[in-house]
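Just follow the structure's listing: the first ligand is 1, and inside any ligand the first atom is 1.
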Amino acid sequence: MSELTVCADAELAARAACAQIARALKEARAARGVAHLALSGGRTPGRTYELLSPALESWRAVELWFADERCVPAEDEQSNYRLVAQTLLEGTRIAPGQVHRMEGELGPAEGARRYGQALRERLDASADAPPALDVVLLGVGPDGHVASLFPGHPALSATAQQLCVGISDSPKPPAQRITLSLPLLRSARAVILLASGPEKARAVAGALAQPTPKLPASLLCAERLTVIVDEDAAAALPDATRRARAGVHPTRRGDV
Ligand code: 6PG
C-alpha cells in the first residue's frame, strides 16, 4: 500500500520530500555503493531541489537522471535540466559524469533511444526485468500524468525492455518530449509523488484509487510509492484513504 504524507503547506511538503529523497539516497549508497536518482520538471519540485543540495554531506556516488525532458535545448527555459541545474546542481559539487541529461535536442525518438542505452549501461539491467533506479521524484499533472506519460497514451503500454519513450503529441506543451517508461518507473525502489495546490486534488485522489490508464499516477507501484502533498492537494482524498495511509503529518516548520 502506498504511503501518504499530508503537510500543512507546500513548503513543508517540499521539506518532507527532500528528507525522504536524502534518506533513500543514503540508504542506497550504503547498500550498493551507488544511488541512482531521477528528477522531474515542472513548477512543483524546484523548492525541493534547492533544499536537497545541502541535504547530503557529499554527492559522491549519486548518479542523477531525469524522469522526463522536453525536446528543447538544455539552456531553454522549458528545459527540466535547466531547472535542476539552477536549483540543485549549482550548489552541489556533483561531478558532470554523474549527471545524465536527456538530450532533448535530438528529438523524441533518438533522444529516447540514447537515454535508454545510457540507462542500460549504468544500471544493472537483466534480460527480462527493467533495471531499478533507487529514487524517482515525480510531480503529477491535474490530469494525473506523471513524467511525460499522459492519460490513455500508447506510451503507457511500453514493454519492460523499453526504458525510455519518445513522445510527439504531449497535451502539455511542448509536444515533443522524452520520458522514462512506466515499467522503469514501476521498478524503482522508491517513488515519491509530490503535489501541492487545489488543482492537483483530483489527480492525487486518483493516484491512490484503482489503477487505470486514464490516470497514469494510479499505475505506479503502490508498494514503493510515497505521496507527499499539502492540504489543498489532499482535499479530494476520502477520509478512509487518509486514515489508512497517512504517515508523518509535518504541520510545523520544525517537523521536517
Ligand atoms: C514535465 C514534468 C511533469 C510535471 C507535471 C506537474 O516535464 O512537465 O515532468 O510531469 O511533473 O506536469 O507539473 P507542475 O509541477 O508544474 O504542476
Side-chain angles (χ1 to χ4, degrees), residues 7 9-11 13-14 16-18 21 37-52 64-74 76-88 100-105 107-108 111-112 115 133 135-153 155-156 164-182 184-186 188 191-207 215-220 225-230 232-236:
C7 300
D9 58 33
E11 171 67 18
C18 170
I21 294 169
L37 167 64
L39 299 176
S40 288
R43 292 185 318 279
T44 304
R47 180 60 179 144
T48 297
Y49 301 160
E50 289 169 351
L51 293 166
L52 190 58
L64 191 57
W65 302 87
F66 288 81
D68 69 339
E69 183 56 280
R70 294 85 178 275
C71 289
V72 296
D76 187 295
E77 65 179 16
Q78 296 181 93
S79 161
N80 292 345
Y81 170 81
R82 181 174 181 267
L83 166 73
V84 171
Q86 290 180 336
T87 52
L88 176 62
H100 307 284
R101 185 177 68 84
M102 283 181 167
E103 296 167 287
E105 65 278 14
Y115 210 68
L133 290 160
V135 196
V136 180
L137 179 80
L138 295 173
V140 62
D143 62 358
H145 79 260
V146 289
S148 289
L149 296 170
F150 292 92
H153 198 284
L156 290 171
C164 215
V165 185
I167 304 287
S168 298
D169 54 355
S170 165
K172 176 180 181 182
Q176 294 202 328
R177 291 158 169 259
I178 300 164
T179 184
L180 297 186
S181 67
L182 186 60
L184 188 58
L185 294 180
R186 286 179 56 83
V191 175
I192 296 163
L193 188 75
L194 176 63
S196 57
E199 72 282 5
K200 303 296 176 74
R202 186 186 76 84
V204 167
L215 202 144
S218 71
L219 300 175
L220 296 168
L225 173 64
T226 300
V227 176
I228 299 176
V229 293
D230 68 356
D232 287 341

H153: what forms a ring pair (Phe, Tyr, Trp, His ring centres under 6.0 Å) with it, not counting sequence neighbours? none
Only one of S40, P108, S79 clears side chain to side chain contact (heavy atoms under 4.5 Å, CB included) with E69; which? S79
Given R70, which partner from the list K172, Q176, R82 fulfils the side chain to side chain contact (heavy atoms under 4.5 Å, CB included) test?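 So the option named by the test is K172.
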Report every pair formed by an N or O atom of ligand 1 and a protein N or O atom separated by less than 3.5 Å, giving atom names and the distance to 0.1 Å.
residue	atom	partner	partner atom	Å
ligand 1	7 (O)	D68	OD1	3.4
ligand 1	7 (O)	D68	OD2	2.9
ligand 1	7 (O)	R70	NE	2.8
ligand 1	7 (O)	R70	NH2	3.4
ligand 1	7 (O)	N80	ND2	3.0
ligand 1	7 (O)	R177	NH1	3.2
ligand 1	8 (O)	R70	NH2	2.8
ligand 1	8 (O)	K172	NZ	2.8
ligand 1	8 (O)	R177	NH1	3.3
ligand 1	9 (O)	G41	N	3.3
ligand 1	9 (O)	D68	OD1	2.7
ligand 1	9 (O)	D68	OD2	3.0
ligand 1	10 (O)	A147	N	3.4
ligand 1	10 (O)	A147	O	2.6
ligand 1	12 (O)	H145	NE2	2.6
ligand 1	12 (O)	K172	NZ	2.7
ligand 1	13 (O)	K172	NZ	3.3
ligand 1	15 (O)	R43	N	3.2
ligand 1	15 (O)	T44	N	2.9
ligand 1	15 (O)	T44	OG1	2.6
ligand 1	16 (O)	R43	N	2.7
ligand 1	16 (O)	R43	NH1	3.4
ligand 1	17 (O)	K200	NZ	2.6

Looking at side-chain heavy atoms only, is the closest gap between H145 and P151 below 4.5 Å? yes
S170: partners by side chain to side chain donor-acceptor pair (under 3.5 Å), with sequence neighbours left out: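 Side chain to side chain donor-acceptor pair (under 3.5 Å) check on S170 returns R177.
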Can you name the residues that form a salt bridge (Lys or Arg N to Asp or Glu O under 4.0 Å) with R47, not counting sequence neighbours?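 With neighbours one apart ignored, the set is E11, E50.
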